[in-house]
There are 2 protein chains.
Amino acid sequence: MQLKELSERSGVSAASIKYYLREGLLPPGAAVHATRAQYSARHVERLELIQSLRRIVGLTIEQIRGILTMADDGATRLELLAAVQRVVLELDSYTNASGEVGARPADAVVRLRAWPDFPSDARNALNAHLELMESLNIQVPGELLDTYSKAMDDVAGVDIAATTAPDSVDELILTAAVGMHMHSQLLLRLLALAQASHAIRRYEQDA
Amino acid sequence: MQLKELSERSGVSAASIKYYLREGLLPPGAAVHATRAQYSARHVERLELIQSLRRIVGLTIEQIRGILTMADDGATRLELLAAVQRVVLELDSYTNASGEVGARPADAVVRLRAWPDFPSDARNALNAHLELMESLNIQVPGELLDTYSKAMDDVAGVDIAATTAPDSVDELILTAAVGMHMHSQLLLRLLALAQASHAIRRYEQDA
DNA sequence: GCTTTAGGATAGAGCCACTATCCAATGCGT
DNA sequence: ACGCATTGGATAGTGGCTCTATCCTAAAGC
């Protein structure tokens, strides 16, 4: 199929497709001649993946390019999952700000929860975030970290158990990104409801 | 003090202060004459609040204006907390998309957790989000909702217990917004670490 | 041969949060 | 009294992001 048909099938405007081609999100079609290219069903799928990552998960073009490049360069599934997690959960926001400091509270959490002791983005991000909170004078007592991490351990256990490994890499990215996004949002909404409920109880008590 | 001094004290450029005045985030100073205005310490505080909400919490000008307007119009603390929660946890993202449907899964959660049965943004957002997940064919079994909500109940209990009610309304907004943001981020980072840990375990098993 | 389309380049649009410039009116220090 | 500094107000520009639109030439297909 050629550009116009690709546009019609995917529901993405021809101009946007050209944009994605320019930005390297979409591999070029097979050039039949200088002014004619053939696109395949894989292009349609790739476009749908891009759309989902943009519209549902809200990733930027840059982030999407990063993930797709990794996938096309044959990264392992675990690496890919880590990359998806990094952008979906915004683990890179503050990570850069931290230069090697003494206490690594995340290590304590890892030991407490008996999680495998692997260095990871998630761990660095957690440490960086705890440092940030400290610098803002927000107390994070061990008890709270305990409660939080226990809760997240439970949640992650359920999450992972519910995840079935998909066949294609595109599908892995899609389900992982959409799943992580949706589950984290779900968690935040439940947190909101829980907070609101506790706040109401408390203000009723005070009144 | 006049504009220049206000700028120096708060660390916000004069141009930005003018912008905030135009946008109604900062009340105008007492007009001594047509071309001279006096600003008070309250202006400095207000500017610091605006800065924190922008730079730390990442709210938009529009969102900040909404909250400050409510505060200045004498909203109750509970109303203010709800408004802060709405913007900090992005409860309005999908809320509009839902028009009265049958099942209200959030009601079940509220009953299960014995939370006070109040209609709220948080509850609507939760229902809207669950509908969205359903429409994306992401299964949310009752068991998972149970685990999640139990976890969030624990977390909220600790949160609220740790919150001391501040004196000024500005301070309430600041601590609530920064606190909610930091705690929700903390939770997401712990979730990331937990997920990564479980994923590693699982891939090790498979390998 | 004539319309349609591809690919490439370039420019514009619309949103956001500023940032900069220009202005006339006026206050303040000297 | 005079001139510099500052004010409020208006208006325009910046830079990042994701498109969207226009223009062009070369070539394909009927």
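First the proteins, then the strands, lettered A, B, ... as listed; each starts at 1.
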Inset, instruction - Apply the test side-chain hydrogen bond (donor to acceptor under 3.5 Å, both in side chains) to residues B:Gln2 and B:Gln38: give CA-CA distance (whole Å), side-chain angles for both, the deciding distance (0.1 Å), then the verdict. - result: CA-CA 5 Å; B:Gln2 44 202 34; B:Gln38 282 296 320; 4.6 Å; no
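Bounding nucleotides for the chain A contact on DNA chain D, 5' to 3', at a heavy-atom distance below 4.0 Å, are D:dT18 to D:dA28.
Counting to the nearest Å, the C1' atom of C:dC16 and the CZ atom of B:Arg65 are 12 Å from each other. Distance A:Leu21 CG to C:dT10 C1': 17 Å, rounded to the nearest Å.
Side-chain N or O atoms of B:His129 include none that pairs as donor or acceptor with a backbone N or O of B:Leu91 at under 3.5 Å. Side-chain atoms of A:Ser7 come within 3.5 Å of backbone N or O of A:Val12 as a donor-acceptor pair.
The pair A:Arg46-A:Asp72 counts as a salt bridge, with a side-chain nitrogen and a carboxylate oxygen less than 4.0 angstrom apart. Using a 4.0 Å cut-off between charged side-chain N and carboxylate O, B:Arg123 and B:Asp107 make a salt bridge. Classification of B:Glu131 and B:Arg104 as a salt-bridged pair holds, one side-chain N sitting under 4.0 Å from a carboxylate O. One finds no salt bridge joining A:Arg113 and A:Asp154 here, because no Lys/Arg side-chain nitrogen approaches an Asp/Glu carboxylate oxygen to under 4.0 Å.
The salt bridge (Lys or Arg N to Asp or Glu O under 4.0 Å) search around B:Glu5 returns B:Arg9, not counting sequence neighbours.
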Inset, instruction - Using a 4.0 Å heavy-atom cut-off, write out nucleotides 17-30 of chain C from 5' to 3' as B (base contacted by protein), S (sugar-phosphate only) or - (no contact). - result: BBB-----BSS---
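A:Glu23 comes within contact range of no nucleotide atom at all, as no heavy-atom separation falls under 4.0 Å.
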